[in-house]
There are 2 protein chains.
Amino acid sequence: MREFMNITKALADENRVRALLALRKGELCVCQITELFGLAPSTISKHLSILFQAGLVESRKEGRWIYYQLPGKNAPVVVREALDWIQKALADNPQVLADNQQLKKILKQDPAELCQRQCKK
Amino acid sequence: MREFMNITKALADENRVRALLALRKGELCVCQITELFGLAPSTISKHLSILFQAGLVESRKEGRWIYYQLPGKNAPVVVREALDWIQKALADNPQVLADNQQLKKILKQDPAELCQRQCKK
DNA sequence: TTTACATTTCGCTGTATGGCGAAATAAAGA
DNA sequence: TCTTTATTTCGCCATACAGCGAAATGTAAA
């Protein structure tokens, strides 16, 4: 039950749901998500930590960057069904579509430059 | 998005999830759920109100009693899928099984007597 | 080594939420 | 009508949580 509630609590925040949907396009580093949402890096980090604890994202370290991504086929059924559920419910949501557009612009930018700008703020 | 977040926030409380699973057996009045969880009637009422706002339960008034039940076939897809999800995830959960046992005992009792005891507390 | 930098952790603040009991509401019964 | 009673609403308290900035951590570059 604890595990399941970790998932529902993780899904009970709009920014975390938006983050999960943004990750559909592939892995993202913290500063890319930070840029997308316009929140403080520490805030984004905390959100990702909560998603990670719930098993809703995986993480991969590459040098100084940490990339987050949606879990693979080996993820628990309850997790995959949760992700399918929000995907289906919000695929054509205006906010989510806007995030997708914004994300495209972010992905065109050099991640290194992006992160530098984030850190200077 | 607001609608969807109403659902995820409603599911982010363990007692509300337990209530939804208890309702699988059929409609229940407030005092029956109160008896099941051992919380104050006002607390249960608030929880049911939140589930109702999210569209996760329907209600039916019969005299002084108000019966709550899971939504029917006409419920939005996103709601039905949410209910299927938690049902599948927690069908064999110890807490949920214990609730089922307890619920059987409660359903054997006369609702009128049950409610009277609740209100005297 | 030092410095730079991406991310996390920590401490704090304001707001949201679960819990209760008391009062309000609404419907049945005396 | 006047009680009784099932439920809701309201006001309160304690806790949980999202947000930030500053400090800490760990890794790469100089």
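Just the heavy atoms: all of them, side chains too, but no hydrogens, waters or symmetry mates, feed the values below. In what follows, chains are A, B, ... by sequence order, proteins preceding strands, each numbered from 1.
Within residues 9-17 of chain B, no residue is approached by DNA chain D to less than 4.0 Å at the level of any non-hydrogen atom.
In this structure, B/F37 atom CZ and C/dG19 atom P are separated by 10 Å, rounded to whole Å. Look at CD1 on B/I66: it is 18 Å from P on D/dT5, rounded to the nearest Å. Per the geometry, CG belonging to B/L48 stands 13 Å off C1' belonging to D/dA6, to the nearest Å. Here D/dT27 presents its C1' atom at 10 Å from CH2 of A/W65, a figure rounded to the nearest Å. One can place CE of B/M5 at 10 Å from P of D/dA18, the figure rounded to the nearest angstrom. Counting to the nearest Å, the C1' atom of D/dA6 and the CD atom of B/E113 are 16 Å from each other. Atom NZ in B/K46 sits about 9 Å away from atom P in C/dG19, given to the nearest Å. Look at CD on A/E35: it is 13 Å from P on C/dA6, rounded to the nearest Å.
Nucleic acid contact class of B/L39 (heavy atoms, under 4.0 Å, all strands): sugar-phosphate only. A/I33 comes within contact range of no nucleotide atom at all, as no heavy-atom separation falls under 4.0 Å. Looking at heavy-atom distances under 4.0 Å, B/K61 makes contact with sugar-phosphate atoms alone, never a base.
Side-chain N/O atoms of A/Y68 include none lying less than 4.0 angstrom from OP1 or OP2 on C/dA6. For B/H47, no side-chain nitrogen or oxygen approaches OP1 or OP2 of C/dT17 to under 4.0 Å. Side-chain nitrogen and oxygen atoms of A/S45 include at least one within less than 4.0 Å of the OP1 or OP2 phosphate oxygen of C/dT8.
Counting only distance, with no hydrogens or angles, the side chain of A/S45 and the backbone of A/P41 share no donor-acceptor pair below 3.5 Å.
Under the 4.5 Å side-chain criterion, counting only non-hydrogen atoms from C-beta, A/E35 is not in contact with A/Q32. The closest side-chain heavy-atom distance from B/E58 to B/N74 is below 4.5 Å. Within the 4.5 Å cutoff, the side chain of B/L28 has no heavy atoms near those of the B/I106 side chain. Within the 4.5 Å cutoff, side-chain heavy atoms of A/N15 are placed close to those of A/R18. B/D84 has its side chain out of reach of A/E81: every pair of non-hydrogen atoms, C-beta onward, lies at least 4.5 Å apart.
Within 6.0 Å of the CD atom in B/E3, the count of heavy atoms belonging to other residues, nucleotides or ligands does not exceed 12.
Toward the 5' end of DNA chain D, the nearer of the two residues A/R64 and A/G38, judged by each one's closest nucleotide, is A/G38. For the pair A/E62 and B/V30, both in contact range of DNA chain D, the more 5′-proximal nearest nucleotide belongs to B/V30.
Comparing C/dG18, C/dT7, D/dA18 against the side chain of B/I50 picks out C/dG18 as the nearest.
Applying the 3.5 Å distance criterion, the base of C/dG18 shares no donor-acceptor pair with the side chain of B/T43.
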When you look at B/I44 and B/Y68, which way does the side chain to side chain contact (heavy atoms under 4.5 Å, CB included) test go after all the steps?
CA-CA 12 Å; B/I44 299 296; B/Y68 284 88; over 6 Å; no
